[in-house]
Amino acid sequence: MADVAAASLFGADRRLCSADILAPAEVRARIEVAVLNFLSALASPTSPAISVLPLISRTSANCSLRSSLLSDVSSVYLSYAFCKRSLMRENNAKAFVRVWKVMEMCYKILGEGKLVHQRELFYKLLSDSPKYFSCQRHVNRAIQDVVSLLRCTRQSLGVMASSRGALIGRLVLHEPDEEQIDCSILGASGHAITGDLNVLSKLNLSSDARYIIVMEKDAIFQRLAEDRLYNQLPCILITAKGYPDIATRFILHRLSQTFPNMPIFALVDWNPAGLAILCTYKYGSISMGLESYRYACNVKWLGLRGDDLQLIPESAFQELKPRDSQIAKSLLSSKFLQV
């Protein structure tokens with residue numbers, strides 16, 4: 001076990017890997033420690049070398065489910081298996097450089113006391129280092145590498161995820177020093193969920209709803225919002241318009257903590273993508289395994305099941321695409337469906 005602690009720059013609970021919510025000064029200090037370690041290895045008089053970056057492995061092999069002792073919520077967690085980014089390996093040399101580039105940019109952003117969206121960060125890096133950041137995917141992976149290296153949340157790095165989410169229904173939002181928002185009198189598009197988790201964490205929430213219903217499809221959300229379903233069935237409707245972003249997961253988790261007796265139902269498609277979306281709300285994601293426990297909720301499955309398919313005309317069925325098959329294989333090999 002001593003090797004495990006030594007492999008990490010900062011050490012942590014040996015039973016469970018997690019990302020901490022840190023103040024900007026502490027995140028900047030961790031970046032400085034990473035730089036000093038790198039320079040120390042490079043300047044060693046006996047055996048100078050370019051140090052590798054030890055990152056918690058974000059793979060299904062290093063992923064398990066844990067159950068909360070205080071609730072019926074289960075979440076993804078990652079244990080101590082490490083992968084490495086090395087400048088000396090041809091297949092991940094660019095990934096090694098991307099980690100440093102993202103840390104450099106985050107160091108500047110935190111020093112200025114700002115927050116940036118992931119998309120904005122991409123454009124900054126594209127302008128600064130086009131050789132290494134040709135697409136958004138490169139930025140997203142590098143951010144998760146930095147989270148894995150520094151053991152701090154993405155928000156702590158000064159990076160906000162762009163939110164697509166919206167909610168409507170029997171809920172009143174009140175941000176300190178701001179006017180309250182009654183989500184039951186909004187238009188069919190509902191209230192747009194901000195990507196700033198600091199703002200979401202400060203909201204005062206009040207509701208007389210009996211249920212929370214999460215919808216995969218924005219079209220279904222707007223249809224039910226237009227029909228004012230929440231006036232007939234006291235509920236809160238929420239959607240991320242597809243695969244759930246962090247902000248939508250965060251506000252859903254806040255609702256579950258604020259109203260612990262309010263059941264949460266997810267209305268998703270009967271296909272691999274719908275099931276993956278349900279699992280993400282319920283357990284979190286492997287790619288964000290260091291933070292998943294912060295957003296996991298006890299979500300119940302609402303909608304079609306296998307026994308219902310005989311009631312649907314064949315014209316409504318669609319063939320699985322290669323991406324669907326890939327998601328299905330991933331789900332079948334995971335521990336989610338077994339639970």
Side-chain angles (χ1 to χ4, degrees), residues 60 63 65 73-76 140 161-169 188-193 209 211-230 232-233 235-253 255-256 262-288 292 295-339:
S60 56
C63 163
L65 287 177
V73 176
S74 297
S75 63
V76 169
N140 297 349
S162 297
S163 175
R164 303 179 305 277
L167 53 79
I168 198 169
S189 296
H191 174 70
I193 300 169
Y211 310 99
I212 300 170
I213 304 177
V214 183
M215 274 146 290
E216 173 185 351
K217 291 286 195 294
D218 181 44
I220 303 299
F221 172 86
Q222 293 204 35
R223 174 74 273 163
L224 297 181
E226 286 175 0
D227 292 342
R228 304 283 177 181
L229 173 71
Y230 42 85
Q232 305 164 46
L233 179 70
C235 64
I236 300 167
L237 306 177
I238 185 168
T239 183
K241 303 175 184 177
Y243 201 87
D245 56 83
I246 292 180
T248 305
R249 289 160 59 187
F250 183 90
I251 192 65
L252 182 64
H253 184 266
L255 288 168
S256 72
M262 199 181 295
I264 304 172
F265 299 98
L267 181 59
V268 298
D269 289 344
W270 172 258
N271 60 21
L275 210 52
I277 288 170
L278 171 68
C279 288
T280 301
Y281 279 118
K282 189 172 180 66
Y283 304 116
S285 61
I286 296 174
S287 64
M288 289 193 60
S292 285
Y295 315 114
C297 302
N298 183 23
V299 179
K300 296 176 173 60
W301 188 359
L302 180 67
L304 286 173
R305 301 296 180 92
D307 294 341
D308 301 319
L309 298 182
Q310 60 184 341
L311 304 175
I312 300 175
E314 289 189 12
S315 59
F317 288 87
Q318 294 181 349
E319 289 189 16
L320 290 181
K321 298 176 181 178
R323 175 62 177 161
D324 296 318
S325 299
Q326 182 182 353
I327 295 172
K329 289 177 181 177
S330 177
L331 286 169
L332 288 170
S333 64
S334 73
K335 302 175 179 66
F336 301 153
L337 291 188
Q338 298 168 24
V339 173

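If you take CD1 on I213 and CD1 on I264, they are separated by 11.5 Å, rounding to the nearest 0.5 Å. Between the CD1 atom of I238 and the OG1 atom of T248 there is a distance of 6.0 Å, given to the nearest 0.5 Å. The line from CG of N271 to CD of E216 is 6.5 Å long, rounded to the nearest 0.5 Å. The CG atom of L331 lies 11.0 Å from the CD atom of Q326; values are rounded to the nearest 0.5 Å. Between the OH atom of Y283 and the OG atom of S292 there is a distance of 12.5 Å, given to the nearest 0.5 Å. To the nearest 0.5 Å, the span separating OG1 on T239 from CD1 on I193 amounts to 8.5 Å.
Annotation for I236 and M262: closest pair CD1-SD, 4.2 Å, computed over non-hydrogen atoms. Nearest heavy-atom pair, R249 versus M288, reported as atom, atom and distance to 0.1 Å: NH1-SD, 4.4 Å. Across I312 and F317, no two heavy atoms sit closer than the pair O-CE1, 3.7 Å. Contact record, A166 with S189: CB-O, 3.6 Å, taken as the closest heavy-atom pair. The nearest pair of heavy atoms linking S74 to A296 is O-CB, 3.7 Å. In plain terms, the two heavy atoms of I327 and P272 that are nearest each other are CG2-O, 3.5 Å.
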Can I get a per-line list of side-chain donor-acceptor pairs under 3.5 Å for residues 298-307, giving both atom names and the distance, sequence neighbours left out?
unit_1	atom_1	unit_2	atom_2	d
N298	OD1	K282	NZ	3.2
N298	ND2	D72	OD1	3.4
N298	ND2	D72	OD2	2.9
R305	NH2	W301	O	3.2

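With hydrogens and angles disregarded, a donor-acceptor distance shorter than 3.5 Å links the side chain of D245 to the backbone of A247.
Partners of S287 by side chain to side chain contact (heavy atoms under 4.5 Å, CB included), not counting sequence neighbours, listed by chain and number: S285. Partners of I220 according to the side chain to side chain contact (heavy atoms under 4.5 Å, CB included) rule, which considers only residues two or more places apart in sequence or in another chain, are M215, K217, L224, L267.
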